[in-house]
Amino acid sequence: MNYIEVREAKAMPGLRIVLSPGGPGPWSEAAKSICYVKKLSYIPVAQEVGGDNPELKQWTSQTSAPSVIWNDERPRNIWNDQLYLFERLAPQPSLIPENIADRVVMFGYANEICGENGLGWSRRLMMFKRTLSRTESQGRARALMGSMMQKYGYDEGAAAEAPARVARILTSLSKLLQHQHQSGSRFFVGDRLSALDIYWTTFAAMMAPLPQEVCPIAPGLRRMYSDNGPVVEAALTPLLLEHRDFIYREYLQLPLDF
Ligand SMILES: N[C@@H](CCC(=O)N[C@@H](CS)C(=O)NCC(=O)O)C(=O)O
């Protein structure tokens with residue numbers, strides 16, 4: 001991925017997406033994947049993971065990635081705003097179901113995956129806890145995580161509850177998928193691809209990163225992403241992982257490029 005700097009990107013027109021370089025950050029991968037499915041081209045802009053990102057702050061009023069900026073419109077910093085923007089810029093293929101019942105299911109589960117206190121959020125709390133508890137990760141990893149722990153709601157109580165929270169969401173997603181399969185659909189909602197399939201597929205990296213050939217990441221990051229603990233591991237069903245593989249195979253781009 002050829003990233004440009006925030007300073008340069010600010011002066012450009014068109015679609016710019018600020019991304020986390022160096023790993024399959026699930027929110028960033030979701031935004032990239034949605035653009036891929038919709039054939040939307042964009043300028044990738046680098047965030048400094050865990051850094052102060054002063055120029056990004058000045059541009060978007062926050063320092064997380066992804067942030068999506070279309071011309072001189074307001075920056076979209078949250079996954080659902082980003083999805084609506086992508087739908088507007090490239091209505092086809094639509095990734096938001098038209099049927100209201102399906103749409104409610106899709107946004108409800110997508111929020112369980114991407115929203116505050118959801119799967120990604122809680123899994124990240126588990127990773128912070130792991131880093132704090134391991135002596136070999138005292139140095140650089142700790143320094144990197146310090147600012148993020150504060151930003152993303154780390155406290156001991158929340159971290160202790162996180163595995164059960166992740167597991168409940170996984171179990172619920174797995175049941176939904178099983179029910180859909182029994183009704184003859186291969187997708188989470190209705191009978192075609194929706195953004196929910198993409199969110200699950202990209203967030204699965206936080207529990208089961210794809211093999212190194214298609215997801216080249218540093219060994220430490222891979223160990224952290226794969227260290228699920230027994231509660232999460234038990235809820236990560238083969239059905240969920242098969243669905244991830246199906247969506248990558250049929251719809252998304254491999255190898256991952258970050
Ligand atoms: N605001 C995003 C979530 C963004 C987010 O959590 N980004 C993380 C990805 S792990 C990030 O930028 N981490 C690095 C940092 O904050 O420096 C949303 O709700 O859609």
Side-chain angles (χ1 to χ4, degrees), residues 1 3 5-6 9 16-35 42 44-70 74-87 95-96 106-131 140-154 158-159 162 165-166 169 195-196 198-207 209 215 217-218 220-222 224-226 256 258:
M1 187 71 67
Y3 294 101
E5 298 293 322
V6 169
R16 287 138 302 157
I17 308 188
V18 183
L19 299 163
S20 304
W27 287 269
S28 287
E29 288 305 308
K32 284 156 70 181
S33 300
I34 290 168
C35 288
Y42 60 88
V45 186
Q47 176 217 34
E48 188 200 339
V49 178
D52 290 340
N53 292 282
E55 303 228 36
L56 180 59
K57 174 103 197 237
Q58 201 257 329
W59 193 19
T60 67
S61 305
Q62 55 89 63
T63 57
S64 296
S67 180
V68 181
I69 305 98
W70 170 243
R74 73 179 198 280
R76 266 69 172 187
N77 297 326
I78 304 289
W79 62 274
N80 50 359
D81 273 358
Q82 293 164 2
L83 178 59
Y84 275 112
L85 176 65
F86 294 143
E87 284 279 299
L95 296 174
I96 301 178
M106 196 212 82
F107 274 108
Y109 277 98
N111 189 55
E112 291 301 310
I113 295 175
C114 312
E116 211 157 305
N117 296 322
L119 177 82
W121 179 279
S122 304
R123 181 75 187 107
R124 181 165 56 199
L125 293 180
M126 291 174 64
M127 294 180 191
F128 291 153
K129 186 170 181 203
R130 179 183 184 274
T131 303
R140 207 184 150 272
R142 256 191 183 223
L144 190 72
M145 287 207 171
S147 64
M148 289 199 276
M149 282 167 57
Q150 203 186 10
K151 190 165 154 187
Y152 298 122
Y154 183 83
R165 200 177 265 279
V166 171
I169 297 169
L196 181 56
I198 295 177
Y199 292 132
W200 160 247
T201 298
T202 56
F203 278 69
M206 297 178 97
M207 287 144 294
C215 176
I217 51 177
L221 186 60
R222 177 169 292 280
M224 184 171 76
Y225 269 30
S226 313
L256 298 178
F258 33 72

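Treat the numbers as computed from the prediction; the structure is a model and nothing was measured. Counting starts at 1 for both ligands and their atoms, in listed order. If you read the sequence from its start, that first residue is 1, and numbering goes on from there.
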task: Only one of W79, F203, Y199 passes ring pair (Phe, Tyr, Trp, His ring centres under 6.0 Å) with W27; say which it is.
output: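 Answer after filtering W79, F203, Y199: F203.
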- prompt: Would you say N77's side chain and T60's backbone share a donor-acceptor pair under 3.5 angstrom?
  reply: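 Yes, N77 side chain to T60 backbone: donor-acceptor pair under 3.5 Å.
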message: Would the distance check show the side chain of Q47 and the main-chain N or O of T63 forming a donor-acceptor pair, the cut-off being under 3.5 Å?
response: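 Yes, because the side chain of Q47 sits within donor-acceptor range (under 3.5 Å) of the backbone of T63.
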Give one line per pair: atom of ligand 1, protein atom, distance. Only N/O to N/O under 3.5 Å.
residue: ligand 1; atom: 1 (N); partner: N77; partner atom: O; Å: 3.0
residue: ligand 1; atom: 6 (O); partner: R124; partner atom: NH1; Å: 2.8
residue: ligand 1; atom: 6 (O); partner: R124; partner atom: NH2; Å: 3.4
residue: ligand 1; atom: 7 (N); partner: A65; partner atom: O; Å: 2.7
residue: ligand 1; atom: 12 (O); partner: Q47; partner atom: NE2; Å: 3.0
residue: ligand 1; atom: 12 (O); partner: A65; partner atom: N; Å: 2.9
residue: ligand 1; atom: 12 (O); partner: A65; partner atom: O; Å: 3.4
residue: ligand 1; atom: 12 (O); partner: Y152; partner atom: OH; Å: 3.4
residue: ligand 1; atom: 13 (N); partner: Y152; partner atom: OH; Å: 3.4
residue: ligand 1; atom: 16 (O); partner: K151; partner atom: NZ; Å: 2.6
residue: ligand 1; atom: 16 (O); partner: Y152; partner atom: OH; Å: 2.6
residue: ligand 1; atom: 17 (O); partner: Q47; partner atom: NE2; Å: 3.3
residue: ligand 1; atom: 17 (O); partner: G50; partner atom: N; Å: 2.7
residue: ligand 1; atom: 20 (O); partner: W79; partner atom: N; Å: 2.8

Per-pair distances, 0.1 Å, donor-acceptor, side chain in residues 108-118, under 3.5 Å, sequence neighbours excluded:
residue: Y109; atom: OH; partner: S172; partner atom: OG; Å: 3.3
residue: N117; atom: OD1; partner: W121; partner atom: NE1; Å: 3.4

message: For the CD atom of Q62 and the NZ atom of K151, what is their distance to the nearest 0.5 Å?
response: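 If we round to the nearest 0.5 Å, Q62:CD and K151:NZ are 7.0 Å apart.
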message: Parallel, tilted or perpendicular: which one describes the rings of Y154 and F128, with boundaries at 30° and 60°?
response: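 The rings of Y154 and F128 stand perpendicular, inter-plane angle above 60°.
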